[in-house]
Amino acid sequence: MTNEAAAPAEAPAPSVGSRIGGDFWARYGVLLALLVMAAVFVLLSDRFLTQDNLVNILRQSAVTAIAAVGATMVLIAGGIDISQGAVMAFAGLAAVIIIQQMGGPDVLAIAVALAFAALFGLANGVLAETIRIPAFIATLGTALVIRGVAFVYTEGRSVGLAGESGELLKWLGRGFIGPLPVPVVLMIVLYLVAAWVMARTTWGLHTYAVGSAERAARIAGVRVSRHRIEVYAVAGLLSGLAGVVLAGRLASAAPALATGAEFDILTAVVLGGTSIYGGRGNVLRTLLGAVFLATMTNGLILLNVPSFYQTITVGVVLLVALSLDRLRSRGTR
Amino acid sequence: MTLAGNGPVLTGSGLDPLPVAAVLATPSPVVTPDGVPALAALDVHRSFGAVRALRGVSLSVARGEILGLVGANGAGKSTLIRILTGDLAPDAGEVRIAGEPVHLTSVRDAQALGIGVVRQELDLVPDLTVAENLFLGEEHRFPGSTWRLDRASMARAAAPLLDAVGLRLDPARRVSALSIGDRQLVAAARALRDAASVMLLDEPTSSLTPWETERLFTTLRGLATRGVAIIYISHRLDEIGALCDRVTVIRDGMHVGDFGAPAAELDAIVAAMTPGIGDRDAPAEPRDLRQRGEPVLEARGLRVGRHGPADLVLHRGEILGVFGLVGAGRSTIARALTGSLRPDAGEVVVRGEAVRLRSPWDGYREGVAYLAEDRKAESILPGLSIRINVGVRAPGDTARGGVLDMARLRALARRTIDRLAIKTPTDTALIEQLSGGNQQKVVVGRLLAERLDVLVLDEPTHGIDVKAKRELLDLLRDLAAEGKGILLISSELAELVAVADRIVVFRNGRVVAEFDTADATETSLVGAAAGRGHAA
Ligand SMILES: Nc1ncnc2c1ncn2[C@@H]1O[C@H](COP(=O)(O)OP(=O)(O)OP(=O)(O)O)[C@@H](O)[C@H]1O
Ligand SMILES: [Mg+2]
């Protein structure tokens with residue numbers, strides 16, 4: 001037993017409490033699982049551990065991971081956003097359509113796509129916070145409307161970027177900076193910024209506070225509704241960015257793009273140990289969750305596992321992660 | 001459904017015969033031969049990580065005995081109660097009931113053995129009604145049916161339980177609509193349901209006024225004469241003196257003394273709890289009332305729901321005490337004054353100007369802040385560290401342009417820990433790892449970290465031990481001397497009389513009396529609160 005009389009001034013915080021076990025798994029669980037899984041794949045397939053494949057895994061995870069930053073913030077703030085896939089599709093389509101059919105410059109197209117996405121996020125926030133529709137329902141509603149509009153406008157067809165057009169957009173999705181794909185660089189920069197924002201700014205602090213205890217945060221002088229609306233708007237913006245990157249990679253977009261993406265995103269977030277009950281979570285670990293998912297899919301493909309089995313595997317992983325979250329939350333209640 | 005409101009109405013004097021017999025219609029399942037303690041803990045140990053909350057505590061309580069359990073914040077009282085009720089397993093040691101070692105693995109085990117408990121952090125379900133809470137886990141069903149609830153039977157059974165604690169309310173009301181004081185009484189009523197042989201109470205009166213407290217005590221004394229063993233935890237020593245037959249003191253998780261005549265030994269008890277407290281025991285000088293400055297916060301005809309209209313004036317440099325019975329609307333008006341509730345009518349005036357506070361955030365901008373009474377639901381930010389709980393608004397220089405200065409934030413948290421003597425190994429510990437009183441100090445520290453003109457404090461000493469309470473009250477006087485206005489809502493008369501310059505008494509959200517503290521007596525205050533001339 002340590003000397004508990006002397007309050008450790010600079011020592012790293014000793015984990016106080018019976019949650020010590022829970023903390024360990026929350027902190028390092030995904031990382032360990034990722035390493036174990038990677039080791040298995042290395043043993044079973046000689047194509048797994050190659051530079052190309054590893055870069056590929058990162059590229060595969062980038063789109064989900066970018067959107068998952070927003071999802072992490074929303075969950076920490078005590079909300080949920082299941083309109084992310086629809087917003088991704090809309091933003092991707094908007095960018096491609098502006099470039100291809102309206103002949104707009106790339107920068108403008110991307111800016112307009114992101115603006116739409118942020119606006120959708122804002123609408124989610126207003127519906128959930130000002131009108132007080134439960135967030136799950138509110139974002140389900142916006143998702144249906146957004147995707148519906150995309151289907152109506154395109155009459156269900158996909159739109160492609162022809163020839164030389166959309167250079168910047170394609171670069172975002174397919175380009176390289178040195179050895180690294182642009183989406184991967186974007187993802188890494190985004191995660192560093194987001195981690196800094198969550199840990200080092202009042203905005204991040206308030207995100208945790210409103211998710212931890214809404215009423216207490218309000219009385220403590222935090223503008224709860226307004227802050228959550230901001231968080232939803234940021235999440236919308238990041239969904240839009242993910243959609244733009246995806247459209248760039250495919251050099252096309254369709255109204256059915258990213259269907260169901262929100263579930264991959266939520267799985268990544270929850271795998272990273274962020275609580276769906278709010279107030280708890282960590283952006284950087286979400287990245288681990290996203291990489292875990294991409295690695296799993298990649299490995300299963302290398303092993304020629306049929307894709308239906310992959311769906312089952314993702315589902316099982318999601319349920320395991322949620323069970324752990326539930327058990328941990330119960331421990332402290 | 002017949003509701004309590006239609007039934008026999010208590011006159012509220014605390015003297016009418018209590019239907020305790022009805023409460024305890026079921027005979028005690030534990031028959032103790034005399035001499036064997038009804039409940040005992042032997043050499044109980046329990047650690048949380050590196051924190052040793054209990055290091056070998058023993059205590060026992062006999063049938064019909066009321067044992068006071070006292071100790072400073074973080075001494076281990078609540079931890080011991082959790083162990084005695086099967087909520088937490090001891091690392092070592094033994095719990096005995098009627099001399100028999102028992103292995104309690106769940107709260108239900110304890111219930112089945114006739115142990116009733118009122119927890120420090122109330123565990124009522126806010127979205128259920130009073131009656132549903134009273135019979136949670138013990139629902140009445142129609143004969144022969146496994147699932148059809150017999151609500152009429154529960155409502156009938158609820159009446160005597162509520163009567164026994166002096167609560168006159170409709171058992172069909174939702175708990176979330178009740179004041180904290182009423183919730184404490186509901187929790188006590190529910191504990192009575194189970195307390196066939198043992199009753200454990202962890203600060204059951206922290207939001208009750210002397211009136212409600214006396215009523216509860218009468219019931220507890222009645223229980224004791226029927227052979228129930230009672231353990232009573234409180235930081236209000238006058239209560240310990242008035243109620244308990246014997247007192248056990250624990251300090252830092254160890255048993256440090258037993259006192260057989262508590263009423264006469266209160267000083268010794270305090271000394272055992274907190275050695276060295278005598279050093280700074282001098283009563284504070286009365287302050288010169290003429291020192292006070294211009295009005296800084298006023299309520300003009302403030303009305304919220306059925307409460308009001310309230311009129312009051314708080315001056316700079318003044319501590320204005322607010323007294324009233326549970327349900328008198330003190331908290332409601334305090335909320336309306338600070339932006340956490342919107343008034344239906346009337347004005348809030350800050351520094352002479354009428355302001356519209358739409359949220360507590362607006363209040364903070366005007367330099368007016370509120371400390372809520374309900375610590376668990378409205379003050380602490382669970383899952384977050386002490387550091388964040390103190391600095392959530394990034395007060396003062398701890399942030400610039402929205403970017404936190406981590407060193408200053410840490411320094412702020414550590415200053416708060418020192419200043420308020422918060423018992424914790426580190427400022428990164430989660431707030432729910434602190435004892436109740438230490439959590440309270442953290443949320444008080446949150447307000448002290450701000451530069452404010454007005455502090456509206458709703459039971460700020462809720463759950464704080466004797467020594468820390470004195471220090472906090474001294475601190476409030478210092479803050480007033482610096483020119484802040486402090487509105488102090490307290491159900492503890494001694495506290496109001498000790499620090500307030502003036503005391504206003506509330507009833508139905510209205511100020512019904514005002515006293516200069518020098519002229520206030522317990523009788524006059526309680527009389528005004530209850531309504532003179534009223535049958536009560
Ligand atoms: N879940 C927990 N995790 C870590 N530490 C804990 C936990 N629960 C209690 N402790 C620690 O155990 C010690 C005893 O706490 P306990 O709540 O029993 O005190 P208490 O005597 O009830 O104090 P108070 O008068 O403030 O209610 C404290 O130091 C507290 O920080
Ligand atoms: Mg306690």
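From a predicted model like this one, the values you see are computed outputs, not experimental measurements.
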Which atom pair, heavy atoms only, marks the closest approach of [X] to [Y]?
X: B:Leu381; Y: A:Ala213; result: CD2-O, 3.9 Å
X: B:Val392; Y: A:Val222; result: CG2-CG2, 4.1 Å
X: B:Arg358; Y: A:Arg218; result: O-NH1, 4.4 Å

Which atoms of [X] come close to chain A, meaning under 4.5 Å heavy atom to heavy atom: side chain ones, backbone ones, both, or neither?
X: B:Leu384; result: side chain
X: B:Tyr364; result: side chain
X: B:Leu371; result: neither
X: B:Arg335; result: side chain
X: B:Ala399; result: side chain

- Query: Looking at B:Glu450, B:Arg446, B:Arg375, which makes the most heavy-atom pairs under 4.5 Å with chain A?
  - Reply: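 Most heavy-atom pairs within the cutoff with chain A belong to B:Arg446.
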- Pairs of heavy atoms under 4.5 Å with chain A: top-ranked of B:Ser340, B:Ser379, B:Pro382: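 The option with the most such pairs is B:Pro382.
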- Might you work through the side-chain contact (heavy atoms from CB on, under 4.5 Å) test for B:Ile388 and A:Tyr208, ending with a clear yes or no? CA-CA 9 Å; B:Ile388 293 183; A:Tyr208 281 98; 5.7 Å; no
- Side-chain donor or acceptor of B:Arg393 paired with backbone N/O of A:Gly221 under 3.5 Å: yes
- Should the heavy atoms of other residues, nucleotides or ligands under 6.0 Å from OH of A:Tyr191 be counted, would the total exceed 12?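 Atom OH in A:Tyr191 is crowded, with more than 12 foreign heavy atoms closer than 6.0 Å.
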- Query: Should we count CZ of A:Arg200 as having more than 12 external heavy atoms under 6.0 Å?
  - Reply: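 Atom CZ in A:Arg200 is not crowded, with 12 or fewer foreign heavy atoms closer than 6.0 Å.
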- Query: Under a 4.5 Å cut-off applied to non-hydrogen side-chain atoms, are B:Val403 and A:Trp196 in contact?
  - Reply: yes
Nearest-0.5 Å distance that lies between atom [atom1] in [X] and atom [atom2] in [Y]:
X: A:Arg215; Y: B:Lys376; atom1: CZ; atom2: NZ; value: 11.5 Å
X: B:Trp361; Y: A:Arg226; atom1: CH2; atom2: CZ; value: 6.5 Å
X: B:Leu430; Y: A:Arg280; atom1: CG; atom2: CZ; value: 7.0 Å

- Query: Which one of A:Ala217, A:Ala216, A:Gly279 has the most heavy-atom pairs closer than 4.5 Å to chain B?
  - Reply: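 Heavy-atom pairs under 4.5 Å are most numerous for A:Ala216.
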